[in-house]
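In the text below, chain A, chain B and the rest are named by the order of the sequence lines, each starting its count at 1.
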2 protein chains.
Amino acid sequence: MAEAAKRKARLSPADRRALLEDAARACMARGGIREFTVDRIVAEAGVSRGLITHHFGSMDGLLVAVYARMYREWIEVIEAPRPGLSRLEAIIEALVSPELFSRDVLNVWLTLWGEIANNPVLREAHRSLYSDYRATIELALTEAAARHGRSIDAPRVAAAFICLIDGFGVQRCVEPSLLTEEDARAACRAFLGPLLD
Amino acid sequence: MAEAAKRKARLSPADRRALLEDAARACMARGGIREFTVDRIVAEAGVSRGLITHHFGSMDGLLVAVYARMYREWIEVIEAPRPGLSRLEAIIEALVSPELFSRDVLNVWLTLWGEIANNPVLREAHRSLYSDYRATIELALTEAAARHGRSIDAPRVAAAFICLIDGFGVQRCVEPSLLTEEDARAACRAFLGPLLD
DNA sequence: CAATCTATTGAACTACAGTATAGTAATTTC
DNA sequence: GAAATTACTATACTGTAGTTCAATAGATTG
């Protein structure tokens with residue numbers, strides 16, 4: 001019935017924001033920044049055009065919210081302990097898990113990187129979050145190095161390792177067939193070599 | 001004088017195309033895909049709006065031309081022999097040289113990757129060019145492995161190495177301060193370890 | 001229960017996107 | 001040197017972008 005679409009749901013702001021963030025992310029996963037538009041997102045979410053401005057102030061506000069949510073979920077999976085694995089090994093397994101190593105997730109990241117690089121508002125939001133990510137990787141590296149009695153330049157190794165991870169994202173979006181999850185795991189292990197068991 | 005701007009230059013199609021490709025690339029370097037618009041590009045090039053359609057048929061046509069030109073110049077630097085260095089070592093040096101390891105160049109790549117991932121027209125153009133790039137890397141790896149008496153799975157190593165390189169691009173655009181050209185060189189050498197002198 | 005608050009709608013608005021095309025002028029062709 | 005060609009300009013056109021805002025209707029308050 002058509003009148004069903006007319007009913008107003010009136011969610012709590014937190015729920016509505018989450019719903020809009022998910023819709024926006026779905027659009028981005030589907031078609032990159034060109035699908036990140038008011039019309040596409042409200043259609044995906046099944047709400048009216050006015051809601052985005054009401055809850056996020058602007059499209060940049062929504063973009064920042066999507067970034068923050070992606071970041072939070074990424075960190076959550078990365079930091080989840082895995083029985084029998086060291087912190088560093090757990091990170092590698094998280095990276096190649098279906099939760100993170102999917103075309104949808106990585107295409108959102110690729111899109112966000114493009115925006116961070118060129119949109120001052122997102123860039124600003126990025127700075128505050130990104131250092132936590134690096135810190136997590138550095139910690140895992142430092143810990144692994146200590147356990148294997150090696151000394152490393154953790155910040156530099158972390159930066160390079162993050163490059164490798166980001167590169168997986170690019171590759172999966174641009175030419176998915178060339179890099180399986182098994183390839184990615186092998187590349188991580190080759191890169192970190194002596195720090196792993 | 002204002003009338004100078006009114007004079008019509010009438011270049012050869014090849015020259016005009018090159019000029020428009022450069023202008024488009026400059027816009028992209030400055031602001032990503034959001035600056036890749038008719039108005040910005042013709043302003044940058046100092047020509048009228050109609051010229052893009054006239055020479056490239058559409059914005060997608062220009063996008064493909066920019067990609068092809070970026071690709072050609074990239075390959076040219078990558079493949080240039082460097083006295084005293086093996087093919088593989090020369091590639092590493094090319095990658096960290098100012099010609100390729102600059103924010104402008106890498107931001108154009110980041111933008112193009114985002115488009116390849118989501119724009120079917122560019123994706124199609126990408127497929128035909130990209131395999132040459134991989135082949136170049138694979139050849140250098142195979143050669144280096146042979147010289148050091150090692151056997152490697154060249155396609156897989158090449159794919160992972162390309163990920164690392166792409167990741168440099170992301171990192172340089174998103175958080176430039178964290179990865180110097182020296183860091184990138186060190187990361188490449190660490191990754192390829194036994195294949196280098 | 002009345003009053004207030006605010007989540008939501010839907011339309012209006014301005015700006016700018018890419019494309020099409022008619023007209024102009026420089027070059028080439030014969 | 002006249003005719004044909006085409007690089008180029010300038011403008012018009014249609015679609016869609018993000019934002020603003022008045023009106024509406026659930027929820028909450030007192």
Side-chain angles (χ1 to χ4, degrees), chain A residues 2-24 27-28 30-66 111 114-115 118-122, chain B residues 2-24 27-28 30-66 111 114-115 118-122:
Chain A
E3 78 267 19
K6 289 235 155 201
R7 285 190 218 291
K8 311 192 172 181
R10 196 176 178 109
L11 303 183
S12 75
D15 286 351
R16 182 63 77 196
R17 285 173 65 97
L19 194 143
L20 284 167
E21 289 161 11
D22 278 343
C27 291
M28 235 188 225
R30 190 194 311 129
I33 199 65
R34 298 199 125 108
E35 291 283 319
F36 185 83
T37 70
V38 174
D39 287 320
R40 305 304 186 120
I41 293 165
V42 299
E44 175 80 26
V47 299
S48 65
R49 303 183 90 254
L51 264 198
I52 289 178
T53 309
H54 183 257
H55 284 289
F56 296 96
S58 69
M59 284 299 277
D60 273 352
L62 176 54
L63 191 58
V64 169
V66 168
T111 304
E115 283 300 300
N118 296 292
N119 179 334
V121 176
L122 194 55
Chain B
E3 78 265 21
K6 289 235 157 200
R7 285 192 217 289
K8 311 191 173 180
R10 197 173 178 110
L11 303 183
S12 74
D15 287 351
R16 182 63 76 195
R17 286 174 63 97
L19 194 143
L20 284 168
E21 289 162 12
D22 279 343
C27 291
M28 235 188 225
R30 188 194 312 128
I33 200 65
R34 299 198 124 108
E35 291 282 319
F36 186 83
T37 70
V38 174
D39 287 322
R40 306 303 187 123
I41 294 164
V42 299
E44 176 80 25
V47 299
S48 65
R49 291 171 56 74
L51 263 199
I52 289 178
T53 310
H54 183 255
H55 284 289
F56 297 96
S58 69
M59 284 300 276
D60 272 352
L62 176 54
L63 191 59
V64 169
V66 168
T111 304
E115 283 300 300
N118 296 293
N119 179 333
V121 175
L122 194 55

Pair up each side-chain donor or acceptor in residues 59-66 of chain B with any protein partner under 3.5 Å, not counting sequence neighbours, and list the distances.
from: B/D60; atom 1: OD1; to: B/N119; atom 2: ND2; distance (Å): 3.2

A/L62 CG to D/dA17 C1', straight-line distance once rounded to whole Å = 15 Å
note = To the nearest angstrom, the CZ-P distance between A/R16 and D/dA25 comes to 17 Å
ask   = How close or far is atom C1' of C/dA20 from atom CZ of B/F56, stated in whole angstroms?
value = 18 Å
query = Taking the side chain as C-beta and beyond, is there a heavy-atom pair between B/H55 and B/L20 under 4.5 Å?
reply = yes
task = Would you please confirm or rule out a distance under 4.0 Å between OP1 or OP2 of C/dA7 and any side-chain N or O of A/H54?
result = yes
remark   = When rounded to whole Å, the CG to P distance for the pair A/L51 and C/dT6 reads 16 Å
note = Contacts of B/R17 meeting salt bridge (charged side-chain N to carboxylate O under 4.0 Å, His left out) (sequence neighbours excluded), chain-then-number -> none
Can you give each donor-acceptor pair under 3.5 Å made by side-chain atoms of residues 42-53 of chain A, sequence neighbours left out, with the distance rounded to 0.1 Å?
from: A/E44; atom 1: OE1; to: A/R30; atom 2: NH2; distance (Å): 2.4
from: A/R49; atom 1: NE; to: A/D39; atom 2: OD1; distance (Å): 2.9
from: A/R49; atom 1: NH2; to: A/D39; atom 2: OD1; distance (Å): 3.3

For nucleotides 15-19 of chain C, list the nitrogen or oxygen atoms of the protein found under 3.5 Å from its nitrogen or oxygen atoms, one pair per line.
from: C/dA17; atom 1: OP2; to: B/D39; atom 2: OD2; distance (Å): 2.4
from: C/dG18; atom 1: OP2; to: B/V38; atom 2: N; distance (Å): 2.6
from: C/dG18; atom 1: N7; to: B/R49; atom 2: NH2; distance (Å): 3.1
from: C/dG18; atom 1: O6; to: B/R49; atom 2: NH2; distance (Å): 3.2
from: C/dT19; atom 1: OP2; to: B/M59; atom 2: N; distance (Å): 3.0
from: C/dT19; atom 1: O4; to: B/R49; atom 2: NE; distance (Å): 3.4
from: C/dT19; atom 1: O4; to: B/R49; atom 2: NH2; distance (Å): 2.6

ask   = To the nearest 0.5 Å, what is the distance between CD1 (A/I41) and CD (A/E21)?
value = 11.0 Å
Using atom names, set out every protein N or O paired with an N or O of nucleotides 27-30 of chain C below 3.5 Å, distance rounded to 0.1 Å.
none

ask   = How many angstroms lie between CZ in B/F36 and CD in B/E115, if you round to the nearest 0.5 Å?
value = 8.0 Å
key: Close side-chain approach of A/R34 to A/R40, heavy-atom, < 4.5 Å   = no
